[in-house]
Amino acid sequence: MSTIYLLHKPYRMLSQFTDDQGRDTLAQVIDVPGIYAAGRLDYDSEGLLLLTDDGALIHHISDPRHKQPKKYWVQVEGQPDEESLDALRQGVTLKDGPTRPAKVRMLGSPGVGPRQPPIRQRQGIATSWLELTLHEGRNRQVRRMTAHIGFPTLRLIRVAIGPWRLDGLSPGEWRSETLNAPRPANHRQASTRRTRRHR
């Protein structure tokens with residue numbers, strides 16, 4: 001049996017428990033001893049972060065060979081057309097090489113609350129929401145992909161990693177699930193939910 005913690009990491013928070021520069025860390029929103037993040041989420045991104053004290057589970061989640069799909073809601077500047085979205089679906093070539101094909105679709109308003117502080121929006125330029133699913137995890141990949149097609153990312157929320165979903169957690173909130181290892185994707189049972197709002 002293993003326990004995994006699903007946390008909605010707030011904007012401008014590190015995916016770690018300590019920092020020598022005074023930035024916000026996970027210690028401010030989750031107080032379970034001995035757990036570590038399985039993977040990371042950028043300081044300026046929001047959404048699902050998985051944590052556990054099970055090293056084998058961390059490896060299973062974060063190892064690229066297991067190809068856990070990661071789903072994001074992405075607010076971009078402008079309104080991409082189908083040709084631009086098709087470029088993401090086929091894969092684009094970044095400075096570190098071509099990306100794998102992504103799943104992408106336009107979203108209406110995803111029903112998320114405003115970010116604090118709010119996004120920087122230029123007057124007279126509309127924004128759009130995309131749902132983007134990747135099977136790889138390069139550094140700042142989503143932001144680089146949308147910039148490549150001419151639509152810079154303004155806000156980035158990770159909503160799913162493999163079978164685990166954000167499912168209504170607000171920023172700074174978390175819940176735990178008990179897993180029957182070694183098949184976390186197929187055998188899982190929600191056990192606990194904790195709520196803590198990030199200041």
Side-chain angles (χ1 to χ4, degrees), residues 1-63 66 68-75 107 109-120 129-134 137-143 153-179 181 184-185 188-199:
M1 302 290 286
S2 299
T3 301
I4 192 165
Y5 298 85
L6 287 73
L7 169 70
H8 187 154
K9 187 191 84 66
Y11 177 64
R12 290 185 178 171
M13 176 174 283
L14 295 172
S15 298
Q16 59 196 48
F17 286 90
T18 60
D19 181 56
D20 59 6
Q21 299 180 36
R23 293 170 293 184
D24 288 343
T25 71
L26 302 179
Q28 295 173 250
V29 292
I30 186 166
D31 56 0
V32 178
I35 60 173
Y36 299 91
R40 62 187 299 276
L41 189 58
D42 290 333
Y43 180 70
D44 54 354
S45 298
E46 312 160 60
L48 182 62
L49 189 66
L50 302 178
L51 304 101
T52 182
D53 63 356
D54 185 330
L57 182 57
I58 289 175
H59 178 74
H60 179 84
I61 294 168
S62 58
D63 191 326
H66 296 298
Q68 294 281 358
K70 297 179 178 67
K71 183 178 293 184
Y72 301 86
W73 289 345
V74 190
Q75 188 176 16
L107 286 177
S109 175
V112 297
R115 195 187 71 188
Q116 295 300 328
I119 64 169
R120 292 187 300 173
W129 283 93
L130 309 177
E131 182 180 86
L132 188 65
T133 303
L134 304 181
R138 303 186 201 176
N139 185 45
R140 300 183 72 80
Q141 181 173 347
V142 172
R143 296 177 189 277
T153 292
L154 301 173
R155 188 177 181 188
L156 181 60
I157 306 171
R158 186 163 63 195
V159 296
I161 302 172
W164 295 286
R165 298 188 58 83
L166 205 55
D167 282 345
L169 290 174
S170 296
E173 294 183 353
W174 59 270
R175 68 175 180 271
S176 65
E177 296 182 1
T178 301
L179 312 177
R188 61 193 184 101
Q189 178 180 350
S191 59
T192 307
R193 180 187 176 106
R194 296 280 182 88
T195 299
R196 175 171 297 175
R197 296 201 177 275
H198 178 56
R199 61 174 173 80

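Heads up: numbering here begins at 1 and tracks the sequence.
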Item to check | Considering all heavy atoms, the nearest Ser15-Leu26 contact | outcome: C-CD1, 3.7 Å

Item to check | Which atom of Arg165 lies closest to which atom of Arg175, heavy atoms considered | outcome: O-NH2, 2.7 Å

Checklist entry - Can you tell me how far OG1 of Thr133 sits from OH of Tyr72, rounded to the nearest 0.5 angstrom? => result 9.5 Å

Checklist entry - What distance separates Leu179 CG from Met1 CE, expressed to the nearest 0.5 Å? => result 8.0 Å

Checklist entry - Considering only heavy atoms from C-beta outward, does the side chain of Met13 approach that of Val29 to under 4.5 Å? => result yes

Checklist outcome for this item: In terms of heavy-atom contacts, Gly39 and Leu49 come closest through O-CD1, 4.2 Å

Next on the checklist: Just verifying a value: how many Å separate Leu7 CG and Ile30 CD1, rounded to the nearest 0.5 Å?
Outcome noted: 5.5 Å

Next on the checklist: Please evaluate residues Arg140 and Asp44 with respect to the criterion salt bridge (charged side-chain N to carboxylate O under 4.0 Å, His left out), reporting the C-alpha separation (whole Å), side-chain torsions for both, the decisive distance (0.1 Å), and the verdict.
Outcome noted: CA-CA 10 Å; Arg140 300 183 72 80; Asp44 54 354; 2.9 Å; yes

Next on the checklist: Taking the side chain as everything from C-beta on, heavy atoms only, tell me whether Arg23 gets closer than 4.5 Å to Arg12.
Outcome noted: no

Item to check | Closest approach of Leu48 to Leu41 (non-hydrogen atoms, all atoms of both residues) | outcome: O-CD2, 4.0 Å

Next on the checklist: Is there a side-chain contact between Leu6 and Ile4 in this structure, where contact means two heavy atoms from C-beta onward sitting under 4.5 Å apart?
Outcome noted: yes

Checklist entry - For Asp53, what residues pass the salt bridge (Lys or Arg N to Asp or Glu O under 4.0 Å) criterion, not counting sequence neighbours? => result none

Checklist entry - Is the closest side-chain heavy-atom distance between Pro10 and Gln116 below 4.5 Å? => result no

Item to check | Side-chain heavy atoms of Arg158 within contact of Lys9, under 4.5 Å | outcome: no

Checklist entry - About how many Å separate OG1 of Thr25 and CD of Gln16, when rounded to the nearest 0.5 Å? => result 7.5 Å

Checklist entry - What do the steps show when you test Val32 against Trp174 for side chain to side chain contact (heavy atoms under 4.5 Å, CB included), and what is the final call? => result CA-CA 11 Å; Val32 178; Trp174 59 270; 4.0 Å; yes

Checklist entry - Within a strict 4.5 Å, meaning less than it, do heavy atoms of the Asn139 and Gln141 side chains meet? => result no

Next on the checklist: Is any side-chain heavy atom of His60 closer than 4.5 Å to one of Gln68?
Outcome noted: yes

Checklist outcome for this item: d(Gln75 CD, Leu130 CG) to nearest 0.5 Å is 10.0 Å

Next on the checklist: Can you confirm whether Ile35 sits close enough to Phe17 that some side-chain heavy atom of one is under 4.5 Å from a side-chain heavy atom of the other?
Outcome noted: yes

Item to check | Heavy-atom pair with the smallest gap, counting every atom of Ser2 and Leu57 | outcome: CB-CD2, 4.3 Å

Checklist entry - For the side chain of Thr52 and the backbone of Thr3, is there at least one donor-acceptor N/O pair under 3.5 Å apart? => result yes

Checklist entry - Does Arg120 use its side chain to pair, donor to acceptor, with the backbone of Leu154 at less than 3.5 Å? => result no

Checklist entry - Hey, mind stepping through Ile157 and Leu166 against side chain to side chain contact (heavy atoms under 4.5 Å, CB included) and telling me if it holds? => result CA-CA 10 Å; Ile157 306 171; Leu166 205 55; 4.3 Å; yes

Checklist outcome for this item: Heavy-atom closest pair (Arg155 atom, Val112 atom, distance to 0.1 Å) is NH1-CG2, 3.7 Å

